[in-house]
Amino acid sequence: MPSLLTVLSLGFLLGLLALVSRWTMRRRDALGRPRPFPAWTAMLLVVLALVAAIPGAQRRAHEHRLASVATRLVGHPVSVRCQTTASAMVDLGSELGFVPFDADGRPLPTATIKRDPCRDLRDYLGGSKERPSTRQVMAVHVLTHEAMHMRGETSEAITECEALQRDQLTATLLGAGQAEARRLARSYWLLVYPQMPDDYRTGDCAPGGRLDEGLDSAPWAVR
């Protein structure tokens with residue numbers, strides 16, 4: 001679904017096309033005098049189209065950056081989309097991101113991250129990464145979580161456990177240093193994960209538990 005600003009930008013460009021077409025077909029007035037080209041109006045429409053298009057271009061660049069991180073986590077090309085403002089206005093869901101499934105119940109290689117966590121990810125990318133807010137910690141984890149779904153896992157509890165063992169990697173791919181990334185991963189594990197709904201938690205997600213993959217990036221890994 002295109003954003004409202006994208007629609008406006010296209011509308012301004014169509015207005016410019018209509019203006020030029022009308023002038024081209026009616027270059028002379030009823031007395032045969034040449035009509036001047038409406039340069040100021042055309043320039044205004046161009047400026048308005050560009051101003052409206054800039055946020056969309058920035059969003060697509062942000063999505064491309066997130067998709068490149070998710071692709072590294074998944075192991076094959078995937079896409080990430082940030083929810084538009086128009087979609088957010090009619091969204092009643094409480095989830096921070098989602099991956100659609102096909103008719104056979106298999107996750108598709110595309111994820112949508114809701115508007116607020118996408119903004120938090122943008123703030124994290126542009127910040128120092130030394131003291132990320134809780135919202136930014138959660139946003140980084142949302143990206144990891146949805147990547148694990150795109151890798152093929154459907155269980156929320158297993159997906160959550162796979163993700164928290166890779167949050168450090170996600171943070172480094174987003175530009176954090178190893179120490180900063182490790183602190184972020186531990187913050188999620190110690191502060192956020194215990195507060196998650198029951199469907200997202202399992203006692204098997206613990207050091208030495210059934211879902212412990214023995215990864216060096218796990219927040220409980222001994223260094």
Side-chain angles (χ1 to χ4, degrees), residues 1-18 44-74 76-103 105-127 129 132-154 156 159-160 163 167 170-171 173-175 184 188 192 196-197 200:
M1 181 178 181
S3 68
L4 177 60
L5 288 176
T6 298
V7 173
L8 284 174
S9 179
L10 291 174
F12 290 132
L13 289 176
L14 289 174
L16 175 63
L17 179 62
L44 177 62
L45 289 171
V46 169
V47 170
L48 290 174
L50 288 174
V51 170
I54 287 173
Q58 291 174 332
R59 180 168 62 86
R60 286 188 291 274
H62 183 49
E63 290 172 338
H64 179 74
R65 177 72 185 275
L66 300 182
S68 67
V69 172
T71 293
R72 290 281 301 275
L73 294 169
V74 175
H76 59 76
V78 296
S79 64
V80 174
R81 295 288 179 265
C82 287
Q83 184 185 47
T84 63
T85 300
S87 296
M89 291 175 63
V90 297
D91 180 24
L92 300 178
S94 59
E95 72 279 359
L96 298 180
F98 63 88
V99 171
F101 292 73
D102 64 18
R106 293 173 298 194
L108 297 177
T110 182
T112 296
I113 297 179
K114 295 296 184 67
R115 179 183 58 177
D116 288 343
C118 255
R119 287 179 176 175
D120 295 330
L121 279 166
R122 183 179 294 111
D123 291 341
Y124 180 75
L125 280 166
K129 304 177 180 62
S133 67
T134 301
R135 288 171 59 97
Q136 290 172 355
V137 170
M138 292 177 64
V140 172
H141 178 80
V142 168
L143 178 59
T144 319
H145 182 100
E146 302 310 330
M148 295 302 98
H149 273 316
M150 289 188 285
R151 221 173 53 146
E153 184 54 59
T154 58
E156 291 295 355
T159 298
E160 185 74 353
D167 282 338
T170 301
L173 292 173
L174 290 171
L184 181 144
Y188 186 87
V192 181
M196 293 296 291
Y200 285 75

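From a predicted model like this one, the values you see are computed outputs, not experimental measurements. Positions are given from 1, in the same order as the sequence printed here.
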For the pair [X] (side chain) and [Y] (backbone), establish whether a donor and an acceptor sit closer than 3.5 Å, ignoring hydrogens and angles.
{"X": "T71", "Y": "V78", "result": "yes"}
{"X": "E63", "Y": "C82", "result": "yes"}
{"X": "K114", "Y": "Q83", "result": "no"}
{"X": "E146", "Y": "L143", "result": "no"}

Do [X] and [Y] make a side-chain contact, defined as non-hydrogen atoms from C-beta onward lying under 4.5 Å apart?
{"X": "Y124", "Y": "V140", "answer": "yes"}
{"X": "L125", "Y": "R65", "answer": "yes"}
{"X": "D123", "Y": "Q136", "answer": "yes"}

Shortest non-hydrogen contact between [X] and [Y], atoms and distance:
{"X": "S79", "Y": "A67", "result": "CA-CB, 4.1 Å"}
{"X": "P117", "Y": "A139", "result": "O-CB, 3.4 Å"}
{"X": "V99", "Y": "H149", "result": "CG2-CB, 3.8 Å"}
{"X": "M150", "Y": "L108", "result": "CG-O, 3.5 Å"}
{"X": "A70", "Y": "V80", "result": "CB-CG2, 3.9 Å"}
{"X": "H76", "Y": "P109", "result": "CE1-CB, 4.4 Å"}

How long is the gap from [atom1] on [X] to [atom2] on [Y], to the nearest 0.5 Å?
{"X": "E156", "Y": "T154", "atom1": "CD", "atom2": "OG1", "value": "8.5 Å"}
{"X": "T170", "Y": "L184", "atom1": "OG1", "atom2": "CG", "value": "9.0 Å"}
{"X": "L96", "Y": "M138", "atom1": "CG", "atom2": "CE", "value": "5.5 Å"}
{"X": "E95", "Y": "T112", "atom1": "CD", "atom2": "OG1", "value": "10.0 Å"}
{"X": "D116", "Y": "R135", "atom1": "CG", "atom2": "CZ", "value": "5.0 Å"}
{"X": "Y200", "Y": "E160", "atom1": "OH", "atom2": "CD", "value": "7.5 Å"}

Do L66 and L174 pass the side chain to side chain contact (heavy atoms under 4.5 Å, CB included) test, and can you show the C-alpha distance, the side-chain angles, and the key distance before you say yes or no?
CA-CA 8 Å; L66 300 182; L174 290 171; 4.3 Å; yes

Geometric class of the H145/H141 ring pair [parallel <30°, tilted 30-60°, perpendicular >60°]
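Tilted, since the angle between the ring planes falls between 30° and 60°.
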
Please assess L45 against L13 for the test side chain to side chain contact (heavy atoms under 4.5 Å, CB included), listing each intermediate value before the final yes or no.
CA-CA 7 Å; L45 289 171; L13 289 176; over 6 Å; no

